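First comes the structure, then the notes that go with it.
Computed from a prediction, not measured in an experiment: that's the story for all the values here. Lettering of chains follows the sequences in order, A, B, ..., and the numbering in each one begins at 1.
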There are 2 protein chains.
Amino acid sequence: MSPDPAPTPAPATPAALSLAERKRRLVSDELSEAALQLLATKGFDAVTVDEIGAAAGVSKRTFFRYFASKEDVVVRFLADMGTGIHAELTARPAGEPPSTALRHAVWVPVAACAGHSERALRVVQLILRTPALLARFLERQAEWRDHLAAELGRRHGLDPEIDLYPRMAAGMALTAFDAVLRRWSDSEGAEDPADLLDRAFALITPALDAVG
Amino acid sequence: MSPDPAPTPAPATPAALSLAERKRRLVSDELSEAALQLLATKGFDAVTVDEIGAAAGVSKRTFFRYFASKEDVVVRFLADMGTGIHAELTARPAGEPPSTALRHAVWVPVAACAGHSERALRVVQLILRTPALLARFLERQAEWRDHLAAELGRRHGLDPEIDLYPRMAAGMALTAFDAVLRRWSDSEGAEDPADLLDRAFALITPALDAVG
DNA sequence: CCGCGCATGTCACTCGGTGTCAAGATGTCA
DNA sequence: TGACATCTTGACACCGAGTGACATGCGCGG
C-alpha cells in the first residue's frame, strides 16, 4: 500500500524540517497538484502516470516513489479523514450517547470538506464518479469501520467479535457520512454539509442510542 | 464493466438452448471453476490470467471475452445477489414496514450463501481478505444501495434526491448484510446466517421504521 | 455445397507498477 | 579540502492486466 520510503511523514519538529524533508514535501505537493489538476479535467483513465510525472517535472518512477498507485494520489486527499474520525471519537467524553459522539466524529471530515469547498468538491466529485476511485475510497471506509467498531466496543464494553452493535453502529455512522458526501457532491456544494449531517443522524439516532 | 459479448445471458427458453449458447456457458463455467480454484488456493495476486486460461484450456484473450477483469470472476459470484435483493424488495407487499421488507430482501443472498456453504464460504473469505476484491465488492454494494434507495423511495413516496431516508435505509440494510457476511466468514461458517441477520436487523429496525 | 456469423487464438501494443543500477546531490567527519 | 556514506533521482528492463486487429475454424441456414 505504501510507497518505498515513508511518504510525506509528519515531521517530529514542524519548525525545523530538514532540507531533504522539505524537498520531498515539495516534490510530493507538485506531483499531487499536477495529478489532481489533470485527473479532474481529463478524467481518471485519460491521464497516464507518465503525463503526471512530466507535468510535475519528474519521472514516472519517481511518481511511484511518492504514491503507491494512481488512485493513491486522489484517495490520499480523503485518507486522513479516517484517522480524524477515529481520533475525534476517542476524544469524546465517555458518558456521551453514541449518536452524539459519532456525529461529532463524522463531522470532522465533513467540516474539512465544507472548509476548502472549492477544491474539495472537485476531488470528491472525481472520486464518487470514477469507479476505480470509488472502489478505493470504499475500501478505506471499510477500514475506518473496523477501527470505529473497535473503539465503540471499547467505549461500551462490548466485544466487536461477539456483539453486532459496534460494527453496525460504525456502519450506520459511515452510511450517514456517505449520504452527506454524495448529496453535497450532487448538489455542486449548494447543500449545507452541517445541515445534511444533522438530518442524516436524526434518522439513525434511535437505532444508535438503543444500545443494550 | 461488461465483457464484449453478453456473458452467460439468462436464456429466454431454458429448455431449448442453442448449441452455441451451451458452449459459451460451458467455457464460462470452466473458466470460473478454474479461476476460483486457483485464486482460493494460491491467493489473488499469485495467479495470472494466463494461468487461469491454461487451466481452463483457453487463451488469455478468451478469458477477457468472458470476464471484464480478473476481479470480475470472483465478484460475479456475488453479483447476482444485488439484483436478488432488489427483486425481492419490489416483490414485497406495499403495506409492509421497511424493516420487514428489507430483511426479507437482504435474506435472499444470505440464504444463497447459507445454501451451498462449502464453496460460498471460501469465495466470501477470498473476497473479504483480498483488498482488490473487497474494493470491487464494495463498489457493487454501492450500486445496490442506489437501486434499493430508488425502490424505497418509490415504496414510500419519497424522492431519494430530496429525502435522506431512502439512501440511509438502504445503507443500513447493506450494513447489516455486510456485518452478517463478515461474521459468517470470520466464524468459518459456524455462526447461523439467519440468526445473525435477525440480530443485525433488530438493531436497525427502530431507525428503519421511524420513517416520517 | 457455399457463405455467413460467431468464437477463438495469435500477435502486437498500451499502461500500471516494480526491481535494479548508476549517477548526482548533500551531509559528515577528519 | 577531500574521502565516505546516504539519499534521491532517472534510465532501463521487466512483468502482468487489458485491448485492438486480424486470421482461422466451426456450425448453421441457404
Nucleotide [N], atom [atom2] - distance to [atom1] of [X] in whole Å:
| X | N | atom1 | atom2 | result |
| --- | --- | --- | --- | --- |
| A:F64 | C:dT18 | CZ | P | 7 Å |
| A:Y66 | D:dT8 | OH | C1' | 7 Å |
| B:R136 | D:dA17 | CZ | P | 14 Å |
| B:R22 | C:dC6 | CZ | C1' | 16 Å |
| A:F63 | D:dA11 | CZ | P | 17 Å |
| B:E71 | D:dG16 | CD | P | 16 Å |
| A:F67 | C:dT18 | CZ | C1' | 18 Å |
| B:K70 | C:dG17 | NZ | P | 14 Å |

Per the salt bridge (Lys or Arg N to Asp or Glu O under 4.0 Å) rule, what does the pair list look like for residues 31-59 of chain A, sequence neighbours excluded?
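Salt bridge (Lys or Arg N to Asp or Glu O under 4.0 Å) check on residues 31-59 of chain A returns A:E33-A:R119, A:K42-A:E51.
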Tell me which residues in residues 43-55 of chain A put a heavy atom below 4.0 Å from DNA chain D, sorted by number, or none.
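Contacting residues: none.
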Between A:R199 and A:D195 (salt bridge meaning N to carboxylate O under 4.0 Å), is one present in this structure?
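Salt bridge flag = yes for A:D195 with A:R199.
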Those residues that, when tested against A:S59, pass side-chain contact (heavy atoms from CB on, under 4.5 Å) (two or more places apart)
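side-chain contact (heavy atoms from CB on, under 4.5 Å) check on A:S59 returns A:R61, A:T62.
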Could you work out, with side-chain contact (heavy atoms from CB on, under 4.5 Å) as the rule, every residue matching A:A111, not counting sequence neighbours?
A:W107
Contacts of B:H104 meeting side-chain hydrogen bond (donor to acceptor under 3.5 Å, both in side chains) (sequence neighbours excluded), chain-then-number -> B:R92
Go through the structure and list residues passing salt bridge (Lys or Arg N to Asp or Glu O under 4.0 Å) with A:R154, not counting sequence neighbours.
A:E151
Identify each atom pair where a protein N or O and an N or O of nucleotides 22-26 of chain D are less than 3.5 Å apart, giving names and distance.
none

Inter- and intrachain pairs under side chain to side chain donor-acceptor pair (under 3.5 Å), touching residues 178-187 of chain B, at least two apart:
A:R145-B:D178, B:Q141-B:D178, B:R183-B:E191
What's the verdict on salt bridge (Lys or Arg N to Asp or Glu O under 4.0 Å) for A:R167 and A:D159, showing C-alpha distance, side-chain angles and the deciding distance?
CA-CA 10 Å; A:R167 175 165 290 274; A:D159 183 354; over 6 Å; no
Would you list the pairs meeting ring-ring contact (aromatic ring centres under 6.0 Å, His included) in which at least one residue belongs to residues 34-63 of chain A, sequence neighbours left out?
A:F63-A:F67
Would you mind telling me which of [options] lies closest to the side-chain atoms of [X]?
| X | options | answer |
| --- | --- | --- |
| B:T62 | C:dG17, D:dG18, C:dT8 | C:dT8 |
| B:R24 | D:dT8, C:dG17, C:dA7 | C:dA7 |
| A:K60 | C:dT18, C:dG9, D:dA17 | C:dT18 |

